[in-house]
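Proteins come first, then strands; the chains are lettered A, B, ... in the order of their sequence lines, and each starts at number 1.
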Amino acid sequence: MKDAYFPQEIEKKWQKIWEEKDVFKTPDDSDKPKYYALSMFPYPSGKLHMGHVRNYTITDVIARFKKMNGFNVLHPMGWDSFGLPAENAAMKHGANPETWTDENIAYMTKQLKMLGLSYDWDREVTTCKPDYYKWTQWLFLQLYKKGLAYKKEAAVNWCEECGTVLANEQVIDGKCWRCDHVVEKKYLSQWFLKITDYAEVLLEDLDKLTGWGENVKTMQANWIGKSQGAILKFKVVENELEVPVYTTRPDTVHGITYLVVAPEYKDIEELTTPENKEAVETYRANARKMTEIERLSTDRVKTGVPLGTHCINPFTGEKFPLWTADYALVEYGTGAVMAVPAHDTRDFDFAKKYNLPLKVVIQNPENPSDCKNEAYTEPGVLINSNEFDGMGNEEAKKAITQKAVDGGFGEFKTQYRLRDWLVSRQRYWGAPIPVVYCDKCGIQPVPEDQLPVLLPKDVDFSVVGKSPITTSKTFVNTTCPCCGGPAKRETDTMDTFVCSSWYYMRYSDAKNDKMPFAKDKVNKWLPVDQYVGGIEHAILHLLYSRFFTKALRDMGLLDFDEPFKNLLTQGMVLKDGSKMSKSKGNTVDPDEIFENYGADTARLFILSDSPPARDFDWSDAGVEGCYKFLNRVWRLISSNAGDINLSYTLPSNLRKDNDDMLRLVHIAIKGITNDISNDFQFNTVISKYRELVNAIYDWRGKKSNLDDEDKAILSFAIITLIKLMSPVAVHLTEEAWHELGGDGSIHDIKWPDWNENLAKASSITLVVQINGKVKDKIEADEALTEEELKQLALSSEKVKELTEGKTIVKTIVVPKKLVNIVVK
RNA sequence: GCCCUGGUGGCGGAAUCGGUAGACGCGUCGGACUUAAAAUCCGGUUGGAGUUAAAUCCAGUGCCAGUUCAAGUCUGGCCCAGGGCACCA
């Protein structure tokens, strides 16, 4: 074995051997229990960044650990390869997005292999390849048949920069999630997936996800936004119309003083009197022009105009005016709001501004308020509410809604904020939506035997203001599958999140050309046992995937109802306290790290300083420290190689120093195993590697010549160290294993066991406290009884001195650990 | 405003059950080896008091209370930071 550690040399060597021997292939048929470890697949943007390195290293260590513990592990990788950057790059360089994507995939694949990741590449999935998007299209058609995919004219989010519409989930603070451009409203006919059908079950099943962090579950619950309330209907005085409102506060119904409809409310024109028409039209035109940001800004002063018409409150017979104001949202509830200024802060602000009246109907009996200065929104007791006076407001919600139900002017209603998922994109580089439009037959799904609908190659990427796909001469014109007459293809492609909503299923049966996946295979491998990825997908990808899973289950394509059993959301990789980004110039190139230190150092370091879920601050000194540590490990092995024998036999009665060493190894096995099993605390795992290495050095430093017993202990310690480190330092340990004469691969070895009796020191340190403060520490035999421990503590010189002249009130003995003497 | 997460040395962070606070590392200081440097090895490193040196003592896990023989850990009330949601009726 060489004296010095040359990572680049041994890493290249082993990567080649592993690839040739196909060691990471996962068989479908195995007696072992299955384990599915998955990283969120990357967008092939060009090069790996440190966030990828962290993500894939975490999952790789988990996969290897599980494999060593007797599982048949599925650990695949693929490419989320449709999307705008490829198209933008194509426009810029006049190339084809496919070429750009293929080149990036090739480069990044090379990098992944350099990192020593244990992927089964035979299961690779690439979403932009026809053998994959054929099945994305097929799944879309199944959703269409089930009524879960539909087309409608709607106000949609439009990003001018990207030249396409966006899903609600992709609008962050009124801006595009990708380019930060301000999002506008447009009215377009677009394809939607009916995720709202699953709102309730998506919310309910969050409880089943015990392996998910509370933060992600809360974010999803908030996004789904369930609320319980009532629909109340109000008759219009001036005509026959009715205005229904959704409210969570039916208890305040006697306090209504006006009613607001959204500027886009469907009946608004009929609700406007001729005298008010002009003002209302102007107001609506302004609202239309406003961006999402302007409109949703909470510090904006509320505005509105009266419509001139009135409604009757069926509970009081009172007549109140109708207004339109943009604080009412057409997409939520009924698009109309009953306004109770005394008990709602928004209504209060609006009423103040326009001098609308205010009526108090809920009071805190202890501390009544007239609501002149602010709305009273806390619980209370009803007043000015006829037969409901004196009732608690929670009880009144039910009673009042019931009265509306009985009277035929209302109903109980559960409302969700979740909207349907807009999946149309006016872009080229995506899976074409497989439908055609026929003048005679209308919307026609493409027959399944005609899939995939291939992306055309004859497109002009230099066009502005429309999707490049529309420039194809061969794509658009087709024949109707129904009547055979001329028809036009849908030119919209699917949101890439559709592709990524099922890729983890495809890995179970990646080469199937008859189906997206065979049912028995998907049921065998799924759900994913451990999913690892960034928190930025807390809503988007994870919610869509949950929806897909449930929809596909209801179609009978699979038998589970949640895709990801355990979710680890890894923290960001920072440099100097802020997120690595090209614009800040604080990125670290993985290639440079591989070249200068090797992949094992990169893997060790990225796991070392922070627990996986927390942000990780990259430091050059830290990398250096990990590199030095691996050198130290290497020297420990190489300098002792001559004394290490793989077939050592440990004698049963060891000398004290050897017994202590033996115990330290068992303590390390136990600690490391538990740290990995318990939330993958790799940072403490690595601390324990260091402790063990330090201990072996210490032990070795005290010996000049080794006898047989010493050699056996040394062999046990070092071989165990190699096994324990093998999931992290994958190349170094493999090389060492072979240099020491090991057969096969270290990565096929069984994970070491520990003996509970040996995984602790041979004696205990008894902590002696007086009044809860540590005063002495005594080495003691662990077999001592409580009484003996007590006597031992009392016999301490220190204790005698400090208790002199005082009364011992009480003595607490914690077996094997501590004695606390309480004195006065 | 609502929700989630977190707050421990100069820094990253340890600390199954309430039982030795600060593991391990980074940084730093000192020493060994060397003509010298690098590399490597050994040792110190929460703050304060104390001492030639030690022993030793006191304080200490965001703040204030509480429970307990014993609190970083449990309870109540706050403060701060990060993230998410937000005119959702």
Rounded distance in Å - [atom1] ([X]) to [atom2] ([N]):
X	N	atom1	atom2	result
A/R419	B/rC85	CZ	P	14 Å
A/I606	B/rC26	CD1	P	17 Å
A/R417	B/rC87	CZ	P	8 Å
A/N771	B/rA70	CG	P	8 Å
A/Y265	B/rA89	OH	P	17 Å
A/R690	B/rC41	CZ	P	12 Å
A/H343	B/rA89	NE2	C1'	15 Å
A/W223	B/rG83	CH2	P	18 Å

Considering all heavy atoms of both residues, which atom of A/L630 and which atom of A/A729 are nearest to each other, and what is their separation? CD2-CB, 4.2 Å

With a 4.0 Å limit, can you tell me whether A/Y332 has a side-chain N or O closer than that to the phosphate oxygens OP1/OP2 of B/rA89? yes

Would you kindly compare A/N215 and A/K798 by the position of their nearest RNA chain B nucleotide and give the one closer to the 5′ end? A/N215

Of A/T218 and A/T334, whose closest RNA chain B nucleotide lies nearer the 5' terminus? A/T218

Specify the glycosidic conformation (syn or anti) of B/rG72, with syn defined as within 90° of 0. anti

Which is it for B/rC17, anti or syn, if anything within 90° of zero counts as syn? syn

If you measure only the distance, is there a donor-acceptor pair under 3.5 Å linking the side chains of [X] and [Y]?
X	Y	result
A/S227	A/Y416	no
A/Q570	A/R614	no
A/D776	A/S796	yes
A/D675	A/T684	yes
A/Y627	A/D600	no

Could you work out the separation of [N] and [M] based on their [atom1] atoms and round it to a whole Å?
N	M	atom1	value
B/rC17	B/rA70	C1'	14 Å
B/rG9	B/rU67	C1'	29 Å
B/rC64	B/rC69	P	23 Å
B/rG13	B/rU46	C1'	15 Å
B/rU73	B/rG60	C1'	16 Å
B/rG47	B/rU40	P	27 Å
B/rU8	B/rG62	C1'	10 Å
B/rU75	B/rG43	C1'	44 Å

Mind checking [X] for me? I need base, sugar-phosphate or nothing, with any heavy atom below 4.0 Å counting as a touch.
X	result
A/K816	nothing
A/N694	sugar-phosphate
A/K688	nothing
A/K217	nothing

Give me, pair by pair, the N or O atoms of the protein and of nucleotides 11-21 of chain B that are less than 3.5 Å apart, along with how far apart they are.
from: B/rG12; atom 1: O2'; to: A/D609; atom 2: O; distance (Å): 3.1
from: B/rG13; atom 1: O3'; to: A/N683; atom 2: ND2; distance (Å): 3.3
from: B/rA14; atom 1: OP1; to: A/N683; atom 2: ND2; distance (Å): 3.2
from: B/rA15; atom 1: OP1; to: A/Q681; atom 2: OE1; distance (Å): 3.4
from: B/rG19; atom 1: N2; to: A/Q769; atom 2: OE1; distance (Å): 3.3
from: B/rG19; atom 1: N2; to: A/N820; atom 2: ND2; distance (Å): 3.4
from: B/rU20; atom 1: O2; to: A/K777; atom 2: NZ; distance (Å): 2.5

Dot-bracket summary - RNA chain B, pairs being Watson-Crick or G-U whose distances fall under 3.5 Å, with | when paired to another strand: (((((((..(((......[....)))((((((.......))))))((((......))))..(((((..]....))))))))))))....

I need the A/L636 CG to A/N631 CG distance, nearest 0.5 Å. 12.5 Å

Taken to the nearest 0.5 Å, the spacing of A/Q791 CD from A/T785 OG1 works out to 9.0 Å

Is the A/Y689-A/F682 ring centre distance short of 6.0 angstrom? no

Applying ring-ring contact (aromatic ring centres under 6.0 Å, His included) to A/Y265 and not counting sequence neighbours gives none

Walk me through it: do A/F350 and A/Y258 pass the test ring pair (Phe, Tyr, Trp, His ring centres under 6.0 Å)? CA-CA 10 Å; A/F350 192 81; A/Y258 64 102; 5.5 Å; yes

Does A/K810 make a side-chain donor-acceptor contact with the base of B/rC69, cut-off 3.5 Å? no

